[in-house]
Amino acid sequence: MRAVPTILHLDMDAFYASVEQAAKPSLRGKAVIVGGLGPRGVVATASYEARRSGVHSAMAMGMARRLCPNAAFLVPRFPVYRQVSEVVMAVLRSVSPLVEPLSLDEAFVDLEAGPHGALLDLQGQEPTALATARVTAMVLALAEDLRADIGRATGLTASVGVASSKMLAKIASEQAKPDGLLLVEPGREHQVLDPLPVRALPGVGPATAEHLRRAGIATVAEAAAAGKAELVRLLGKAQGAAVASMAAGRDDRPVVADRETKSVSVEDTFEVDLADRTRVLREIDRLAESCVRRLRAAGKSGRTVVVKVRRFDFSTLTRSETLRAPTDDPAVVLEIARRLMDAVDTTGGVRLLGVGVTGLADFTQEDLFAHVVEAKGDAERPGGPVAGAPGPEGQGAVAGAPPGEERDAAGAESSLAREPAAAEAQRRWLPGQDVRHVEFGPGWVQGSGVGRVTVRFETPWSPPGRVRTFLVDDPALEQGPPLPLTGPDGPDPEPHGGGPGPRSGAVSGT
DNA sequence: TCTGGGGTCCTAGGACCC
DNA sequence: TCTGGGGTCCTAGGACCC
């Protein structure tokens, strides 16, 4: 807990949806929903326009479509989000080297570690009202500059919270949304914290909140009043103590810049449950290879292999095996994953499969992939996609060939090769995806079906563009590269996304 | 409406060792 | 013959976060 509000939390507003609105002029001011578009997809991000219809993150896509049928439903474009995220993090590092990213769109910054740290430090002085007011004014100016810099660099809006701890900085940025700034003055922490539902505390999710509610604890003030002993009794040692501290406003967690990766995993939910054992094992092979490729791209090896199975009824189990020494050999991981799978009953069908590696160590060997790859199709070749660059996310596997046609796991022919043309077209032209036409230039897929694909031709820096329809196999149309958000004439002066105009202020006297 | 994918941390029981 | 306590590792599951 600091005497001075020098921890900053920044959160991009409706990040994925705002990137799409910036990239696609025709979507600005419209409801945009980004997520898995298949029958089992969920919402990753909804624009504020879509949220007005009740759509939110993690909602089943089916429900989102019913609540907001006229929204634009788009597949996520992670390479673009990653690129924008790097720009955002670079702007944050211009203020202080101590930046802790929490995800692509969120980070903590420790301002005391930066060039302004000395100025902000009260240097052991009494935190007089005057000194505190001076520091508060400086931090507010700094944070407002930061938001403006991010607007200029990305064309997007961000919300910022500043406080004397991580917890309060994060709560403040939440309250500032969208496109706002909120600073919690030292001494006013309880004013902000006490009335909030316990759910607002980090680490208190639906299950814990329900547990506390049954014990008559609904707000942070009530949790604080309950005391540590009672909370430990209710929630267990670690969580009880954590909730007691947080509720009392105590949070001394430092901002940590370089957190080590502890596990790597890959999983896939299938559009239709897998019933066939052979198919299940083939998918395990694919996931294991993909997992090891990412492991090696990160320069790591691991000791424990984990497989994850979600059955038709959503019951989920994991099976793991630990080696004596870490490996990054795909053949080893593959063999263990298969063996673990042998002990799992999949009667009734499998909804999701996953393969992961934990117990990571820092080493890689070269060329272990060579022999595994030989019999595979182009899609699975390593060294194609750059480290960590995903293919289409959340695509899973489409219902494959009918069971009668299944070959054994070693079969050289991939199921993709025998996929019906219509299904192949469906996966080739996904809404939101970048395309290029030899005559009309760059655009994006608006939709496809019955042998046609509809494309809107526009770029981040053009006015809203026109829509044209093509045959799905039109040779003039191909996948395109994602375009940068900032056009040839430099960044857009008007940030997109967010909602109402900027707001900022400090929590001070009532 | 029907529930993604990538992670982190904690708990608890049993094995094993001292 | 009956019975220790503590530490560490492994496995499985669950809550939580974005």
Side-chain angles (χ1 to χ4, degrees), chain A residues 9 11-12 14-16 34-45 54-69 75-76 78 81-82 85 101-108 166 170 173-174 198-212 232 235-243 253 256 259-271 287 290-291 294-295 298 303-310 312-324 340 343-344 351-360 388 390-396:
Chain A
H9 180 260
D11 200 334
M12 302 295 291
F15 185 51
Y16 300 171
V34 180
L37 301 186
R40 290 174 170 178
V42 299
V43 175
T45 311
V55 179
H56 57 79
S57 303
M59 175 181 277
M61 196 55 83
M63 171 132 207
R65 286 189 191 275
R66 278 164 186 80
L67 287 176
C68 197
V75 98
F78 285 105
Y81 309 151
R82 217 168 271 132
S85 179
L102 298 179
S103 63
L104 289 180
D105 74 323
E106 225 182 289
F108 284 113
K166 277 186 164 183
K170 177 143 179 157
S173 73
E174 190 60 41
V198 281
R199 191 71 177 72
L201 298 174
V204 177
T208 306
E210 175 58 20
H211 202 141
L212 292 172
V232 166
L235 305 177
K237 200 173 167 193
Q239 204 188 12
V243 170
R253 293 172 301 162
V256 180
R259 300 245 300 263
E260 286 282 284
T261 305
K262 299 190 169 165
S263 68
V264 173
S265 67
V266 177
E267 65 187 52
D268 236 332
T269 293
F270 305 98
E271 297 197 346
L287 292 163
S290 164
C291 179
R294 285 190 25 212
L295 182 72
R303 275 188 71 208
T304 304
V305 177
V306 187
V307 303
K308 174 173 169 182
V309 180
R310 175 120 74 215
F312 67 99
D313 61 355
F314 220 75
S315 63
T316 307
L317 59 83
T318 62
R319 291 293 178 268
S320 65
E321 186 177 318
T322 300
L323 298 159
R324 294 165 60 166
L340 289 166
V344 177
R351 177 191 180 93
L352 167 149
L353 290 172
V355 174
V357 176
T358 73
L360 301 193
E393 301 259 353
Q395 286 317 300

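Letters A, B, ... mirror the listed sequences (proteins, then strands); counts begin at 1.
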To the nearest Å, how far apart are [X] [atom1] and [N] [atom2]?
| X | N | atom1 | atom2 | value |
| --- | --- | --- | --- | --- |
| A:L352 | B:dG4 | CG | P | 8 Å |
| A:R65 | B:dC2 | CZ | P | 12 Å |
| A:M61 | B:dT3 | CE | C1' | 12 Å |
| A:R82 | B:dG5 | CZ | P | 15 Å |
| A:F78 | B:dG7 | CZ | C1' | 13 Å |
| A:R303 | C:dC9 | CZ | P | 9 Å |
| A:K308 | C:dT11 | NZ | C1' | 16 Å |
| A:L360 | B:dC9 | CG | C1' | 15 Å |

Exercise. Mind pulling the stems DNA chain C is in, i.e. runs of at least three Watson-Crick or G-U pairs, everything under 3.5 Å?
Worked result: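 In DNA chain C, stems of three or more pairs: B:5-18 with C:5-18.
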Does [X] place a side-chain N or O at less than 4.0 Å from the phosphate oxygens OP1/OP2 of [N]?
| X | N | value |
| --- | --- | --- |
| A:K262 | B:dC9 | yes |
| A:S263 | B:dT8 | yes |
| A:R310 | B:dG4 | yes |
| A:T261 | B:dG7 | no |
| A:S265 | B:dG5 | no |

For this session: List the protein contact pattern of nucleotides 13-18 of chain C with one symbol per nucleotide (5' to 3'): B for base contact, S for sugar-phosphate-only contact, - for none; contact means a heavy-atom distance under 4.0 Å.
Result: S-SSSS
Just jot down the salt bridge (charged side-chain N to carboxylate O under 4.0 Å, His left out) partners of [X], sequence neighbours excluded, or say none.
| X | result |
| --- | --- |
| A:E260 | A:K300 |
| A:E321 | A:R339 |
| A:R199 | none |

Exercise. Closest nucleotide of DNA chain B for A:V43 versus for A:R66: which of these residues is on the 5' side?
Worked result: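 The 5'-side residue here is A:R66.
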Problem set entry | A:R259 or A:V42, whichever maps to the more 5' nucleotide of DNA chain B |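 Here A:V42 is the residue nearer the 5' end.
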Exercise. To the side chain of A:V266, which of B:dT11, B:dG4, B:dG6 is closest?
Worked result: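 Nearest listed nucleotide: B:dG6.
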Are any non-hydrogen side-chain atoms of [X] and [Y] less than 4.5 angstrom apart?
| X | Y | result |
| --- | --- | --- |
| A:V309 | A:L353 | yes |
| A:L352 | A:T269 | yes |
| A:V307 | A:L287 | no |
| A:R65 | A:L37 | yes |

Exercise. Looking at residues at least two apart in the chain, or sitting in another chain, which of them share a ring pair (Phe, Tyr, Trp, His ring centres under 6.0 Å) with A:Y16?
Worked result: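 Ring pair (Phe, Tyr, Trp, His ring centres under 6.0 Å) check on A:Y16 returns A:F78, A:Y81.
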For this session: With side-chain contact (heavy atoms from CB on, under 4.5 Å) as the test, would you mind laying out the steps for A:K262 and A:L360 before giving the verdict?
Result: CA-CA 6 Å; A:K262 299 190 169 165; A:L360 301 193; 5.8 Å; no
Problem set entry | Rounded distance in Å between the P positions of B:dT3 and C:dC17 |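 Roughly 22 Å separates the two P atoms.
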Exercise. Under 4.0 angstrom, heavy atoms only, what part of the nucleic acid is A:P101 near: base, sugar-phosphate, or nothing?
Worked result: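 Contact class for A:P101: none.
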Problem set entry | Exam field: side chain A:R351 to backbone A:D313, donor-acceptor pair closer than 3.5 Å |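 Side chain of A:R351 to backbone of A:D313, a donor-acceptor pair under 3.5 Å: no, none is there.
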